[in-house]
Amino acid sequence: MTTETSTPIRVRFAPSPTGFLHVGGARTAIYNDLLRQRLGGAFILRIEDTDRQRSDEAMTRQIQDALAWIGVTWDEGPFLQSERLERHRERARELLDGGLAYRAYETPDELEALRAAARAEGGEFRYRAGRSPLAAAEIARRAGDGDPFVVRFRMPDEPIRFHDLVRGDVEFPPEALDDLILLRSDGSPTYHMSVVADDIDMAVTHVIRGEDHLSNTPKHVAMFAAFGAPAPTFAHLPLILGTDRKRLSKRTGATSVEEFRGQGILPQALYNFLALLGWSPGDDRELMSRAEMAAVFSTDRLNDSAAVFDPDKLGWMNAQYMASLPLAALRPHLEPFLEAAGLAAAAGPRLDAALDLHRTRARTLADLAAAVKPYFAETIDYDPALTAGFAAQEELPGDLRELAARWRSLAAFDVAPLEDALRALCAERGAKAGHLIHPVRMALSGAKAGPPLFDLVAVMGPEATARHLESFLAHLAASPPPASGAGG
RNA sequence: GGCGCGUUCGUCUAGUGGUUAGGACGCCGGCCUCUCAAGCCGGUAACACGGGUUCAAAUCCCGUACGCGCUACCA
């Protein structure tokens, strides 16, 4: 049965703060977010920082920032698992008192030796109650001496079955499971102890997490049973792979939400893209808002095989959002990029007009900011490789000067008169309009391609146009003469 | 090694016994056009392999190959 309750659910996203929020983690958060929106209930954010060595407070903050940026909101938390250690110990003690867990006195070295020996015989060492490699007398001695011990969970002897919303019915034989450690010899709870204790205390109903936890799930299922608590419904998501078909890593490109943000990807695009990496609405829709997805989200349509992260498609999707989002929604996200481009002051109708001219021509916010720069920048850095062709045209400077003069005398700096003036001049010179259109585009934008020229000029305005035309003329004058000889 | 999970165009996916195997990204071509995008139109390209079951299999079963996960006093 894959039925989802129609009653409110409680989901949680539980990252460990050992690094930036990974896109895999972000996608997990997104599915939790979508399911909670679809069915109602609560989203709990829980930071699993029980590994003190690797956890970092800055990362805890960063993860929250990244989540908020991408548009995932939580109703409860963030709870720091490290602040609940006492509760986790208490829960372990309950199991101990109830005989569902026991003390074990082997040292890590002894355990390692056992594992090595088992492997040498081609087998696998399993730690189970009553099968301690230590003699009863030795155990008694260590207990009596107050030697350090771990608390182990007594794993049941029957196969453990559970239903996974993505995988279907899954069964693990008892031989595959150890009596896992609940409390380390220093008394600190392990991940498994903390997760189960928290999921029970927080009344979590649905656990959506990465496939790497599938093999942990039978352990957790057994523990829920030991506590007499109903196990939550599980959904284990397939991994996200890099273009090399290996687990996504920095080797093949960006992996963290932060990196994509820095590249100029919109949060709406990343959310949309990630959501579709392992889920589809069932029809052919791809561009969908969070609300649209939430309206039709179902775990039934979660995919069960790994997906390769395709940066090209993300770029396309980002371009779609940049082209269609209301300017007001786009601007706040663009701001940091404008600032980085030295355009912190750019604003107003000119900026909006320029944005409209370039938004369908950029893939990222960084591209957009760069494209809009010439409208506000004092100068343009011309690339000699792109201007060499113009520098070779002897009559061009004179024609450009004449054009500048005619444009200057225009009553209105609008598309039609600008175009008429340029075409008339070209006609007088017996040239096609391209004779001036292309060099002027280069002069005003530093690029050989871009928006329709007269739109560009009108938005640029008389001052910037005159200024850039002037410096382009200077650039041409300073350009080395065309190579003589071969080719001519 | 053991246990678990997976495998449809290069990539993301639709498909749940009968389809010309659909859509999207990418790529190629066309239209539009002052160029480039966008948009529109068209093209390219897939059921990992081998056995079954069945009148009929991408869909069900078994095996093989390949990939991945777990196998810690990490999470």
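Note on naming: letters A, B, ... go to the chains in the order of the sequence lines (proteins, then strands), and numbering restarts at 1 for each one. The shown structure was predicted, so the numbers you read here are calculated from the model rather than taken from an experiment.
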Distance-only donor-acceptor test, [X] side-chain atoms vs [N] base atoms, 3.5 Å:
X      : N     : answer
A:S185 : B:C73 : yes
A:R361 : B:C36 : yes
A:D178 : B:A72 : no

[X] [atom1] to [N] [atom2], straight-line distance once rounded to whole Å:
X      : N     : atom1 : atom2 : value
A:D109 : B:C73 : CG    : P     : 12 Å
A:L248 : B:G67 : CG    : C1'   : 16 Å
A:K219 : B:G4  : NZ    : C1'   : 12 Å

Problem - Parallel, tilted or perpendicular, as decided by the 30° and 60° cut-offs, for the rings of A:F454 and A:W407 - result: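 A:W407 and A:F454: perpendicular rings.
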Problem - Phosphate OP1/OP2 of B:A72 contacted by A:R115 side-chain N/O (<4.0 Å) - result: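 A:R115 to B:A72 OP1/OP2: side-chain N or O found under 4.0 Å.
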Practice task
State whether A:R363 places a side-chain N or O below 4.0 Å from either non-bridging phosphate oxygen (OP1 or OP2) of B:G26.
Solution key: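 True: A:R363 side-chain N/O within range (under 4.0 Å) of B:G26 OP1/OP2.
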Handout entry: Among B:G69, B:C5, B:C34, the nucleotide that comes nearest once only the side chain of A:E211 is considered
Key =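 Within the option list, the nearest is B:C5.
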Handout entry: A:Q320 side-chain proximity, nearest of B:A38, B:G26, B:C70
Key =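 It is B:A38.
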Handout entry: B:G69 base stacked by A:H236 (centroids within less than 5.5 Å, tilt under 30°)
Key =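 Taking the rule of under 5.5 Å and under 30°, the ring of A:H236 does not stack on B:G69.
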Problem - Six-ring centre of A:Y127, A:R152 cation under 6.0 angstrom, axis tolerance 45° - result: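 Yes, cation above the ring, under 6.0 Å and within 45°.
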Problem - Geometric cation-pi criterion A:R115 and A:F125, 6.0 Å radius, 45° cone - result: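 Because its charged atom misses either the 6.0 Å distance or the 45° angle limit, A:R115 does not stack over A:F125.
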Practice task
Determine the contact category for A:K432: base if any of its heavy atoms lies under 4.0 Å from a base atom, sugar-phosphate if only primed atoms, P, OP1 or OP2 are that close, otherwise nothing.
Solution key: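 If one applies the 4.0 Å heavy-atom cut-off, A:K432 turns out to touch nothing in the nucleic acid.
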Exercise for the section: Just call it for A:T107: base, sugar-phosphate, or nothing, with non-hydrogen atoms closer than 4.0 Å on any strand. Expected result: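 A:T107: base contact, heavy atoms under 4.0 Å.
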Strictly under 3.5 Å: I want the nitrogen or oxygen pairs between protein and nucleotides 11-21 of chain B, one per line.
residue, atom, partner, partner atom, Å
B:C12, OP1, A:V308, N, 2.8
B:C12, O2', A:L276, O, 3.2
B:U13, OP1, A:G278, N, 2.7
B:A14, OP1, A:S280, OG, 3.3
B:A14, OP2, A:N303, OD1, 3.1
B:A14, O3', A:R301, NH2, 3.3
B:G15, OP1, A:R301, NH1, 3.1
B:G15, OP1, A:R301, NH2, 3.3

Practice task
For A:S188 and A:D186, test the side chains for any donor-to-acceptor distance below 3.5 angstrom and give the result as yes or no.
Solution key: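 Short answer, yes.
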Practice task
Would you check if the side chain of A:D179 reaches a backbone N or O of A:M155 as a donor-acceptor pair within less than 3.5 Å?
Solution key: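 Between the backbone of A:M155 and the side chain of A:D179 there is a qualifying donor-acceptor contact (under 3.5 Å).
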Problem - A:R429, CZ atom: more than 12 neighbouring heavy atoms under 6.0 Å - result: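 Correct, the count exceeds 12.
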Handout entry: Whether over 12 other heavy atoms sit under 6.0 Å from A:D381 CG
Key =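 Check fails, neighbour count at 12 or below.
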Practice task
Specify the residue among A:L239 and A:F172 whose closest nucleotide of RNA chain B lies further upstream toward the 5′ end.
Solution key: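 Counting from the 5' end, the first nearest nucleotide belongs to A:F172.
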Exercise for the section: Please give the nucleotide sitting opposite B:A57 as a Watson-Crick or G-U wobble pair, both distances under 3.5 Å, or none. Expected result: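 Pairing partner: none.
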I'd like a list of close polar pairs between nucleotides 28-31 of chain B and the protein, N/O only, cut-off under 3.5 Å.
none

Practice task
Using the C1' atoms only, state how far B:U19 lies from B:C66, rounded to an integer number of Å.
Solution key: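 One C1' to the other, the span is 29 Å.
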Exercise for the section: Can you tell me, in whole Å, how much space there is between the P of B:U44 and that of B:C28? Expected result: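 Rounded to whole Å, the distance is 16 Å.
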